[in-house]
Protein chains: 2
Amino acid sequence: MTRAYDSSGKRTELIRAAKHLFYRQGYRTTTLDNVAQEAAVPLGNVHYYFQTKQSLAEAVIASHAETLQNTYARWEQQNDDPRLRLGRLVTAPLDSVESVIRSGCPHGSLCQELGKLEDSPLAAHASQLLALSIDWAQKQFQRMGADERQSRERAEELVAAVQGTMFLAHTLRSPQLLATQLNRIKKRLDEETLNSVEGVKADE
Amino acid sequence: MTRAYDSSGKRTELIRAAKHLFYRQGYRTTTLDNVAQEAAVPLGNVHYYFQTKQSLAEAVIASHAETLQNTYARWEQQNDDPRLRLGRLVTAPLDSVESVIRSGCPHGSLCQELGKLEDSPLAAHASQLLALSIDWAQKQFQRMGADERQSRERAEELVAAVQGTMFLAHTLRSPQLLATQLNRIKKRLDEETLNSVEGVKADE
DNA sequence: GTCTATAAATTGATAGAC
DNA sequence: GTCTATCAATTTATAGAC
């Protein structure tokens, strides 16, 4: 790095373009030329900002992580009740049905693809996106009074259900499935957490 | 095709090798040379059996579908009770924990990768593997007395949960997660289907 | 049918002018 | 810092001898 920040905005633009294309087409399918064109930057220039395609992917993963953390921070500000927060985690994919149907979960599909590149550190990096979501969900269950193990298992269960639903809806290209199943998950979540309202308020 | 069957067994062997490598490394990462070496067949010979890499992938998908159908047929023979049949669907991944942790679900991960190749018929072909499982699960729920819509939604929910669990366990490389969450799914399945035993026996 | 050698195309990465 | 031109490696696919 020879610069303190991205003065021209090209670096940021390259990350945005790569993020978009990796999501739509996958990491392997997307060429650096594709990214360069999408970002309106000459191909050769890409290597000024990112020495390798892999380092570009790492920047993309970091960008995803930042977005996720911002989202969770916002949800925490907007809702004190951990049940409502978890509800948003479940129904969030409904805010972008079309892209979920077309390309699946932005984080999940990236983990899936990079997870098979064994000789690469990208797999471990990407998996942190999933870990981030589980950890956050676990925190919410803990605020409802669940202990360490209980909260962990419920968080894993919830994230697995949402991920599996997005995957199925994407694979079968069914917006209907996405809506129906996410609502089922949400309904069960609401039912299961009905008796933990007091614990929350006491914790406040 | 100039032959009625695979007399030398090389065609079958190539499919087996490709199936294995696509699962472990992914479709894009696996080269025809990799497949040829794994099958102990010279590279140039691959094109005698499969004109393109895509046609090899189609054969792999067909082989997966055949395996799935055989498995379901066997489960139907071994158990009359649809609840037990569905139980096997849930716990089956525990019979091959290591490969699931290492590479995820053989069908799910294939669907995920091929699903992003838009200009290819492979996506639609692969998605039939998932559809097959959902359809089979739906049949079992129907035999328990559930109507068309109910059985469909419960089948989708079950498959989504199992797929999501395999995906999470694979991404986080956690055999513990796989076992814990699959057992949770099975437990809930058993609880929810407790009151539908009569309906089954009457149907027999 | 089987195999070697190679063509043809793609693509990540680099060199070097400006 | 920016961009053009090009290298080097990979990989799908084909040609043609045996």
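These numbers come from the heavy atoms of this one structure, side chains and all, not from hydrogens, waters or symmetry mates. Convention: sequence-line order gives letters A, B, ...; per-chain numbering from 1.
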Does the pair Gln176(B) and Thr180(B) meet the rule for a side-chain hydrogen bond (donor to acceptor under 3.5 Å, both in side chains), with working shown? CA-CA 6 Å; Gln176(B) 158 85 44; Thr180(B) 304; 2.9 Å; yes
Would you tabulate the pairs of protein nitrogen or oxygen atoms and nucleotide nitrogen or oxygen atoms of nucleotides 13-16 of chain C closer than 3.5 angstrom?
{"residue": "dA13(C)", "atom": "OP2", "partner": "Lys53(A)", "partner atom": "N", "Å": "2.8"}

Taking Arg184(B) first and then Glu153(A), would you say they form a salt bridge - that is, a charged N and a carboxylate O separated by under 4.0 Å? yes
Whole-Å distance, Leu56(A) CG to dT11(C) C1', equals 15 Å
Do NZ/NE/NH1/NH2 and the carboxylate oxygens of Asp95(A) and Arg88(A) come within less than 4.0 Å? no
Hey, could you give me the CD/OH distance between Gln77(A) and Tyr72(A), rounded to the nearest 0.5 Å? 15.5 Å
dist Ile134(A):CD1 -> Leu129(A):CG (nearest 0.5 Å) comes out at 11.0 Å
Within the pair Tyr48(A) and dG1(D), is there a side-chain N or O less than 4.0 Å away from OP1 or OP2? yes
To the nearest angstrom, the CZ-C1' distance between Phe50(B) and dA13(D) comes to 15 Å
Pair Leu32(A), Leu56(A) - check side chain to side chain contact (heavy atoms under 4.5 Å, CB included), show working. CA-CA 9 Å; Leu32(A) 291 179; Leu56(A) 174 59; 4.1 Å; yes
Which of dT2(D), dT4(C), dT11(C) is nearest the side chain of Pro42(B)? It is dT4(C)
Arg85(B) and Asp81(B) ion-paired at < 4.0 Å: no
Of all of residues 14-29 of chain A, which get a heavy atom below 4.0 angstrom from DNA chain C, listed by number? none
OP1 or OP2 of dT2(D) sitting under 4.0 Å from any side-chain N/O of Tyr49(A)? yes
When the nearest nucleotide of DNA chain D is assigned to Thr30(B) and to Asn45(A) on a heavy-atom basis, which residue is associated with the more 5' position? Asn45(A)
Quick test of your reading of the model: are Arg16(B) and Glu13(B) salt-bridged, counting only N-O distances below 4.0 Å? yes
